[in-house]
K.L.:
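The structure under discussion is supplied below as C-alpha cells; questions concerning it will follow.
Predicted model only: the values in this text are computed from it and were never measured.
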Amino acid sequence: MNVLPESCVAVILSLTSPSDACKSSSVSTVFGSAADSDLVWDKFLPSDYHEIVSKACNTTFLFASKKQLYHLLCNPVLIADGKMSFKLDRPSGRKSYILSARQLSISSSNDPMFWTWKSIPESRFSEVAELTSSSRLEINGNIRSKKLSPNTKYGAYLLLKITERAYGLDLIPSETSIEIGNQSFKNTAYLRFQDDKKQRLENLFYSNRKQMMKSRVVKGEDRVMSRREDGWMEMELGEFFNGESDEEVKMSLMEIKGQQLKGGVIVEGIEIRPKA
C-alpha cells in the first residue's frame, strides 16, 4: 500500500467512513496526507452542505479544509431562521435534525389559555412551548426524507421537560406514530412524572379511571421518558428506515381520547437522529 500514489490512497479512503479515515492517518505519511485531503472529506460531507452552511444562523464558518468543515458540522448548527438544529454524527457522517417547537404543529398552541411561549436558558432555541391546561394534547412534526441520510435507520424523539406543577399526564398513555411512504408505526407512551410521590397518589385515586381510559388507545409498549445528557427528557415516537426516495416523514404524539385535564409539559422540539 505504501507504493500507491497519494491520490489513489485518497480515493480508497473516500470509500470508507470518517472514523476509518481518521484511524488510517497513523499508518504512514502517505496515508496521513491522503486522509486529510479535500477529496476524501468532500465525500463525507452531505451533498447539500452548501445550503446548510448558507442557512446557518449567527455562525461564521471559517475553515481551511473540507475536513475542518466536517468537524465544524459535527457540532449543532441553528438553521431555518433559528427554528431547526442540524449536526453530523461524527463517526459516520449521517445527518440529524431537531425541529423546534415553533417548527411543529401543536394543537391550540396560539391560544394563551392553553399554551405559553417563552424563552428558557437551557433550550437551544429562542422559544419553547409550555402546556398550561388542556384536555387535548396533539403534537405533529414532519420533514422530507431527502434531507436525511439515505439507507439509514432513524429514530424520532420528542424533547420535553415536566414541570413541578405538572398534573394529569400519567392517567392515560399518549399515542405515538411515525409514517413514511407505506411504513406506519404506532405505539403508546406515558409522560411520566418526575415526582414519584405525585404519581403514586394519582394511581391511588384514579386507578379505575386510568384502566378505563387506557382501553381507548392503541395497544403498545407503554414507553416512558428517558433523561438526556443535555438535561432534557426524551420520548421515542418511533423509528423508520430512510431509503433513497423523497417522501414526507410524519411524526406525532397525541392524547385526545381521555378528556383529562393536563398541564406542565414544556416542549422543545422533535429530534430525528440515526440509530446504531
Side-chain angles (χ1 to χ4, degrees), residues 76 80 83-87 95-109 114-118 120 122-132 134-143 145 147-148 153-163 166-180 183-194 217-218 220-240 242 248-258 260 262-275:
K83 295 179 181 178
M84 295 175 65
S85 177
F86 167 88
K87 78 169 186 175
K95 298 191 285 184
S96 65
Y97 288 88
I98 300 179
L99 312 181
S100 73
R102 280 295 187 190
Q103 197 79 353
L104 306 178
S105 174
I106 303 175
S107 178
S108 302
S109 62
F114 304 119
W115 289 87
T116 300
W117 289 92
K118 62 183 184 180
I120 59 176
E122 57 266 38
S123 176
R124 70 209 81 206
F125 300 110
S126 61
E127 286 183 301
V128 296
E130 181 175 350
L131 177 63
T132 306
S134 178
S135 60
R136 185 183 184 93
L137 179 61
E138 185 172 357
I139 302 170
N140 294 281
N142 61 78
I143 190 171
S145 63
K147 287 183 173 292
L148 306 173
K153 185 178 182 181
Y154 275 93
Y157 306 84
L158 180 67
L159 309 185
L160 67 163
K161 285 182 180 289
I162 306 298
T163 72
Y167 61 93
L169 299 174
D170 206 28
L171 297 182
I172 182 171
S174 298
E175 295 181 350
T176 65
S177 71
I178 294 280
E179 294 181 28
I180 174 173
Q183 300 179 69
S184 180
F185 307 96
K186 294 186 177 181
N187 217 315
T188 53
Y190 276 105
L191 299 177
R192 296 287 190 197
F193 281 122
Q194 292 175 305
V217 303
V218 298
E221 300 174 1
D222 290 350
R223 294 170 173 164
V224 295
M225 298 182 298
S226 59
R227 187 174 297 279
R228 295 162 54 96
E229 292 182 356
D230 59 11
W232 287 84
M233 306 292 288
E234 68 178 27
M235 172 67 69
E236 183 174 357
L237 302 178
E239 60 184 39
F240 62 95
N242 186 43
E248 186 177 27
V249 183
K250 300 177 181 179
M251 306 155 284
S252 71
L253 179 140
M254 292 190 290
E255 199 290 274
I256 60 176
K257 300 176 180 178
Q260 170 68 41
K262 60 187 73 68
V265 178
I266 298 176
V267 177
E268 187 186 35
I270 292 178
E271 182 176 25
I272 307 100
R273 67 174 186 257
K275 300 197 76 170

K.L.:
Salt-bridge test for E234 and R273: reply yes if a basic N is under 4.0 Å from a carboxylate O, no otherwise.
P.N.:
yes
K.L.:
Within a strict 4.5 Å, meaning less than it, do heavy atoms of the M225 and I162 side chains meet?
P.N.:
yes
K.L.:
Can you tell if the side chain of P274 reaches within under 4.5 Å of the side chain of S96, non-hydrogen atoms only?
P.N.:
yes
K.L.:
Once ring-ring contact (aromatic ring centres under 6.0 Å, His included) is applied, do any residues pair with Y154, and if so which ones, sequence neighbours excluded?
P.N.:
F240
K.L.:
How far apart are the closest heavy atoms of I178 and G238, and which atoms are they?
P.N.:
CG1-CA, 3.6 Å
K.L.:
Once rounded to the nearest 0.5 Å, what's the spacing between atom CG of L169 and atom CG of L160?
P.N.:
9.0 Å
K.L.:
Quick one: CD on Q103 to CD1 on I143, what's the gap to the nearest 0.5 Å?
P.N.:
8.5 Å
K.L.:
State, to 0.1 Å, how close G141 and L104 come at their nearest heavy-atom pair, and which atoms those are.
P.N.:
CA-CD2, 3.8 Å
K.L.:
Closer than 3.5 angstrom, by distance alone: can the side chain of K153 be matched with the main-chain N or O of E239 as a donor-acceptor pair?
P.N.:
no
K.L.:
Do you know which two heavy atoms are closest between M235 and Y190, and how far apart they sit?
P.N.:
CE-O, 2.9 Å
K.L.:
When you look at V128 and K161, which way does the side-chain contact (heavy atoms from CB on, under 4.5 Å) test go after all the steps?
P.N.:
CA-CA 10 Å; V128 296; K161 285 182 180 289; over 6 Å; no
K.L.:
Go through R102 and W117 one step at a time and tell me if the side-chain contact (heavy atoms from CB on, under 4.5 Å) criterion holds.
P.N.:
CA-CA 9 Å; R102 280 295 187 190; W117 289 92; 3.5 Å; yes
K.L.:
Checking F185 against L237 for the side-chain contact (heavy atoms from CB on, under 4.5 Å) test, could you report, in this order, the C-alpha distance in whole Å, the side-chain angles of both residues, the deciding distance, and whether it holds?
P.N.:
CA-CA 9 Å; F185 307 96; L237 302 178; over 6 Å; no
K.L.:
Using the side-chain contact (heavy atoms from CB on, under 4.5 Å) rule, take E268 and R124 through it: C-alpha gap first, then chi angles, then the decisive distance, then the call.
P.N.:
CA-CA 8 Å; E268 187 186 35; R124 70 209 81 206; 3.1 Å; yes
K.L.:
Output all residues satisfying salt bridge (Lys or Arg N to Asp or Glu O under 4.0 Å) with R136, sequence neighbours left out; order by chain, then residue number.
P.N.:
E138
K.L.:
Nearest 0.5 Å, what's the CD1-CG distance between I272 and N142?
P.N.:
9.0 Å
K.L.:
Find the distance between OG (S135) and CD (Q260) and round it off to the nearest 0.5 Å.
P.N.:
9.0 Å
K.L.:
If every non-hydrogen atom of G155 is compared with every non-hydrogen atom of K275, which pair is closest and at what distance?
P.N.:
N-CG, 3.4 Å
K.L.:
Could you give the distance from CD1 (I180) to NZ (K250), rounded to the nearest 0.5 Å?
P.N.:
11.5 Å
K.L.:
Of all the heavy-atom pairs spanning K186 and S177, show the shortest one and how long it is.
P.N.:
CG-CB, 4.0 Å
K.L.:
Which residue in the set I266, I98, L99, V267 passes side-chain contact (heavy atoms from CB on, under 4.5 Å) when paired with L159?
P.N.:
I98
K.L.:
What is the distance from atom CG of L137 to atom CH2 of W115, rounded to the nearest 0.5 Å?
P.N.:
5.5 Å
K.L.:
Would you name the heavy atoms of V249 and S145 that are closest together and state the gap between them?
P.N.:
CG2-CB, 4.1 Å
